[in-house]
Amino acid sequence: MPELPEVEVVRRGLERWAAGRTVAEAEVLHPRAVRRHLAGPDDFAARLKGRRIGTAMRRGKYLWLPLGDAGVSVLAHLGMSGQLLIQPPGTPDEKHLRIRIAFTDPGAGELRFVDQRTFGGLSLHPETADGLPDVIAHIARDPLDPDFDDAAFHAALRRRRTTVKRALLDQSLISGVGNIYADEALWRARLHYDRPTATLTRPLTTELLGHVRDVMNAALAVGGTSFDSLYVNVNGESGYFARSLDAYGREDEPCRRCGTPMRRRAWMNRSSYFCPRCQRTPRPRTTRALSPASPATPGAADPEPGSPEAPAH
DNA sequence: AAGCTCTCCTGATGGC
DNA sequence: TGCCATCAGGAGAGCT
């Protein structure tokens, strides 16, 4: 479940332990881990060999390591369960070790990509003019990027016909936000996940972005969020933010603001956690006034219309 | 054509 | 004890 703070923790570890090293040998142990490298595992390994690792970069949940001045970078995405570990020489292989990158530098150990669910992976890509691997040119700046444009984000939200949590998870609008921090920021902003983005006022967008930044910075300060061993920094250590979560994973537990039991709703093949009192259901679409034929919604006063009685798909 | 759904994957967990 | 279903979810392919 690595999101921006977790990926940034990993980026800092790579900057400390991998930048400046030279690749002695790369070994792909599972082809799926390099599936985004279209030329295949052998090409991936051959092109890494002998290259010098540059400054570790990140945008949203993607990170990349420029290879010397070749204009090519190793792009990494951790997916659900990916780990980039720096392991001392002689460390036994992890069960889900997918890629091994050995350095020429004596005692530097290995950079390893370990990934149980294989949603993540590494690949090589040329950089665009602004230094981004070309395949992530569509990824928006993230909210911790000094060049993130709050006004443009708000304008995009107003243009879209979608709901606020979908928008937060849309990496082409704002990157780095995943299911956990989306729920946390929405709880802090007292916004329901299904609120149409077109109804957001500029002050609301500003407040929401502020909460996104606050919660991410708070997580970053303690090394990220972790629920199990699936997310670790390059030294295999977990972060401590899980204990600070206010919404995610707190079904039936009291809201930390009002004491109302928190709820979980199936949403987009995953879960949304929210307080039914602090985060009120958005009022029915404004078009409702134009369709008097709509059957009397029995649950008009229901705090969550549309979920329980709606058809299962 | 923007918006949404589906699919990829493995391991933990729960019900019977 | 075993077996099957469910859940976790980022992101892009592929629908409509």
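Here is the naming used below: chain letters follow the sequence lines, and residue numbers restart at 1 for every chain.
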A:Thr118 and A:Arg32: side chain donor to acceptor below 3.5 Å: yes

Comparing A:Arg264 and A:Ile139 on DNA chain C - which has the more 5′ nearest nucleotide: A:Arg264

Check: A:Pro254 main-chain N/O paired with A:Arg250 side-chain donor or acceptor under 3.5 Å: yes

Integer-rounded Å distance: C:dA11 C1' and A:Lys165 NZ: 16 Å

Short side-chain to backbone donor-acceptor contact, A:Gln83 and A:Ser81, under 3.5 Å: no

Spacing between A:Leu4 atom CG and C:dG10 atom P, to the nearest angstrom: 13 Å

Side chains of A:Ser271 and A:Arg264, donor plus acceptor under 3.5 Å: yes

Interatomic distance where CE belongs to A:Met80 and C1' belongs to C:dG10 [whole Å]: 8 Å

Sequence neighbours excluded - salt bridge (charged side-chain N to carboxylate O under 4.0 Å, His left out) pairs with any residue from residues 162-175 of chain A: A:Arg160-A:Asp170, A:Lys165-A:Asp183

Pair A:Arg256 + A:Asp246: basic N to acidic O under 4.0 Å: yes

Check: A:Gln279 side chain, A:Tyr273 main-chain N or O, donor-acceptor pair, under 3.5 Å: no

Touch class at under 4.0 angstrom, heavy-atom based, for A:His138 against every strand present: sugar-phosphate

Any A:Arg36 side-chain N or O less than 4.0 Å from OP1/OP2 of C:dA11: no

Atom-pair distance (CG on A:Leu38; P on C:dG12), nearest Å: 13 Å

Residue-level proximity of residues 148-161 of chain A to DNA chain B when a heavy atom falls under 4.0 Å: A:Arg160, A:Arg161

For the student: nearest non-hydrogen atoms of A:Thr55 and A:Pro66, plus distance: O-CD, 2.9 Å

Gap between atoms CE and C1', on A:Met268 and C:dC7 respectively (whole Å): 16 Å

Donor/acceptor link under 3.5 angstrom from A:Arg117 side chain onto base of C:dG10: no

Integer-rounded Å distance: C:dA11 C1' and A:Arg59 CZ: 17 Å

Flag, side chain of A:Thr91 to backbone of A:Gln87, donor-acceptor distance under 3.5 Å: no

Partner of A:Asp142 by salt bridge (charged side-chain N to carboxylate O under 4.0 Å, His left out), out of A:Lys61, A:Arg213, A:Arg58: A:Arg58

Face-to-face stacking of A:Phe119 with C:dA11, centres under 5.5 angstrom, angle under 30°: no

For atom OH of A:Tyr273 and atom P of C:dA8, their distance in whole Å: 6 Å

Touch class at under 4.0 angstrom, heavy-atom based, for A:Asp115 against every strand present: nothing

Bounds of contact between DNA chain B and chain A, in 5' to 3' order, using a heavy-atom cut-off under 4.0 Å: B:dG3 to B:dG11

C:dG12 OP1/OP2 closer than 4.0 Å to side-chain N/O of A:Tyr62: yes

Nucleotides 13-16 of chain C: which of its N/O atoms have a protein N/O under 3.5 Å away?
none

Lys NZ or Arg CZ of A:Arg257 over A:Trp187 ring: under 6.0 Å, within 45°: yes

Side-chain donor/acceptor of A:Arg11 to backbone N/O of A:Ala56, under 3.5 Å: yes

A:Arg32 CZ to C:dG10 C1', straight-line distance once rounded to whole Å: 12 Å

A:Glu8/A:Arg12 salt bridge by N-O under 4.0 Å criterion: yes

Full working for side-chain hydrogen bond (donor to acceptor under 3.5 Å, both in side chains) between A:Ser123 and A:His37: CA-CA 5 Å; A:Ser123 47; A:His37 187 79; 5.7 Å; no

Five-pair end axes of the helix from B:dA2-C:dT16 to B:dC16-C:dG2, angle between them (10°): 50°

Partners passing side-chain hydrogen bond (donor to acceptor under 3.5 Å, both in side chains) against A:Asp194 (at least two apart in sequence or in another chain): none

